[in-house]
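Presented below is the structure to which this report refers.
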Amino acid sequence: MSGENLGRRAWIVWRRNLDVFLKTWRVNLLMPAIEPVLYLLAFGLGVGAYISDIDGVPYIRFIAPALVAISVMNASFFECTYGSYVRMYYQKTFDAIVATPVSIDEVIAGEILWGATRSLISASLMLLVLVLFGVVALPSSLLLIPFAFAAGLLFASIGMCFTSIIPNIEAINYPSFLFITPMLLFSGTFFPLDVLPGVLQTFVLAVLPLAHVVNVCRALTLMSGWELMVLGLAWIAVVTPPVFAIALRLMRRRLVV
Amino acid sequence: MPPIGNLNYSGEHHFLMQERTAICARGLTKRFGGFEAVGAIDFDVAEGEAFGFLGPNGAGKTTTMRMIQCASPRSGGDLRVFGLDPATSPREIKALLGIVPQENNLDTDLTGRENLVSYARYFDIPKARAEDRVEDLLGFMQVREKADVVIESLSGGMRRRLILARALVNDPRILILDEPTTGLDPQARHQIWDRLRTLQAEGRTIVLTSHYMEEAERLCDRLVIMDGGRILARGAPADLVRSRIGRYVIETEQTDAVRACLDRHGIGYEEGGESLHVPVDDPAPVSKTLLDECGAIRLSTRPATLEDVFLSFTGRRLRE
Ligand SMILES: Nc1ncnc2c1ncn2[C@@H]1O[C@H](COP(=O)(O)OP(=O)(O)O)[C@@H](O)[C@H]1O
Ligand SMILES: [Mg+2]
């Protein structure tokens, strides 16, 4: 199977998801745009009133890139857990597609590409709000858009790995509470990593993808912290391909019987 | 079709791929863990014929269809679809097949028309040609007036027709239908049968599974009766009836006296649900024996059917 072919047919699967998304685009676009406004008001104005600044950065500017990172994570992770599980198990969409010349690998690759696209859409809408609030640097922050897709590939692949092993849809709560929620709180999102004990900092940087995504986003919106950005990009570039390959393999094991 | 030398065939069965063979299975086996769902079955489907797999629930029909359609890898034996091996040429094979699965799997996020159009993309059919084809198929399956409503609001028969329309978008040479009419009302069933006959007349090969005798009898040129993962009988429906049962079945009382009397006369019978079934070619002498010597009072004679054959091979035990 050639890589070119895997790519081309995966995009046909991706297209099916885009078509469905566009059928209800109003709701689909409104939700990710409202969320950051709420966060900015609650954290920036509310919490921020008690925190003057962090390392010389106003609190609202400190959390703005983290909000983008969290939305990138949520969009792709939940698309490739809840969304993919419903299509796979309840709607039998994957079964229908693999009865055509499209292979199961291409279906899963298409789902992951779509998950990453959801990240890109969420990050773009969020960026729009942040620009309107004037809390991110321009034009460097525009790079968040392509980066959201790359980071989305990672979270989508992670989500797909869980989807391939869970026995039922309720089981998505386990990765959601045990992995996503702690990561959302301890990845240098709402407070800087260096307040954590050294060993915990090392742990976070070694295994939590969100920490690296936050670092990259923050470098782009604050125009500083470039070493962390390089580390983050390298970490994501190294980890994504094997996780993607594992997702394909686990899905094949689940579906090809 | 590739020459035989390219088949890379190994195993003890040696067979020639005939020009007109659509599907060929030798010793085809499927195991799920330690459980053998399909046990070393052999069959050949000729191009252009309607071939049936008749069997009770759990017989292994769906498993066999899934191996043919490259959805499920075989555990043993050999399988060819137009000479191609599902293990190595799934893409080429799937391009030639139209699949109607046992479980409806229309995309409920899309309308019927969108289902067909998006399906055509997976076969790389150019957009304009796909749209024309979809229009034709919506007409052919008589689903056009409901083509733009959500799938949830469609009746079972309508969904089945849409799935059949979807299976035809790539102009398949073989149609594989897993219980195409289970759960449908008689009108919907007859309509699907009618469409399938038309499709066969166009030269397409039809492979279907069923546990409806009438469906198999009406549609299939040849069929196999499967149970417990094995093929118990094979042939044209009429030949199977003639050779296994005979021309007629006499139904009579299920009493010990009648059984003993039939045994005494060496006349074979089967336990029916509410009567004894006595298969015969010439009903007159056996009827006379039953009336005069066995003390039977209720007697009725009817033509033998495929159902008699089916029950005589698969028994009356209830299935899952
Ligand atoms: N994925 C599977 N894992 C384990 N057993 C299976 C699986 N699929 C089918 N079976 C078993 O294989 C047997 C044949 O099933 P199936 O082919 O669906 O029968 P049919 O279609 O004739 O009703 C049944 O006993 C069924 O429970
Ligand atoms: Mg079945």
Using a cut-off of under 4.5 Å on heavy-atom pairs, state which of Thr93(A), Val20(A), Val257(A) scores highest against chain B.
Val257(A)
Checking Leu106(B) against chain A: side chain, backbone, both or neither under 4.5 Å from a heavy atom?
backbone
Can you confirm if the NZ or CZ of Arg87(A) lies within 45° of the ring axis of Phe94(A) and under 6.0 Å from the centre of its six-membered ring?
no
At a heavy-atom separation under 4.5 Å, does Ala95(B) approach chain A through its side chain, its backbone, both, or neither?
both
So which part of Ser89(B) gets closer than 4.5 Å to some heavy atom of chain A, the side chain, the backbone, both or neither?
neither
With a 6.0 Å cut-off (strictly less than), is the heavy-atom count around CD of Glu103(B), excluding the residue itself, greater than 12?
no
Chain A contacts, top residue of Ile93(B), Asn170(B), Ile99(B), Asp124(B) (heavy-atom pairs, under 4.5 Å):
Asp124(B)
Establish, for the pair Lys92(A) and Tyr89(A), whether the NZ or CZ atom is under 6.0 angstrom from the six-membered ring centre and no further than 45 degrees off its axis.
yes
Between Leu110(B) and chain A, with a heavy-atom cut-off of 4.5 Å, which part of the residue counts as in contact: side chain, backbone, both or neither?
both
Among Arg166(B), Arg66(B), Glu114(B), who wins on heavy-atom pairs under 4.5 Å with chain A?
Glu114(B)
Hey, could you give me the CE/CD1 distance between Met158(B) and Ile163(B), rounded to the nearest 0.5 Å?
13.5 Å
At a heavy-atom separation under 4.5 Å, does Asp109(B) approach chain A through its side chain, its backbone, both, or neither?
both
Hey, are the side chains of Leu219(B) and Ile206(B) touching, using non-hydrogen atoms and a 4.5 Å cut-off?
no
Atom pair CD (Glu111(A)) and CD (Glu79(A)), whose distance is rounded to the nearest 0.5 Å:
7.0 Å
Which atoms of Glu92(B) approach chain A - backbone, side chain, both or neither, heavy atom under 4.5 Å:
neither
Within 45° of the ring axis of Tyr122(B) and under 6.0 Å from its six-membered ring centre, is that where the NZ or CZ of Arg9(A) lies?
no
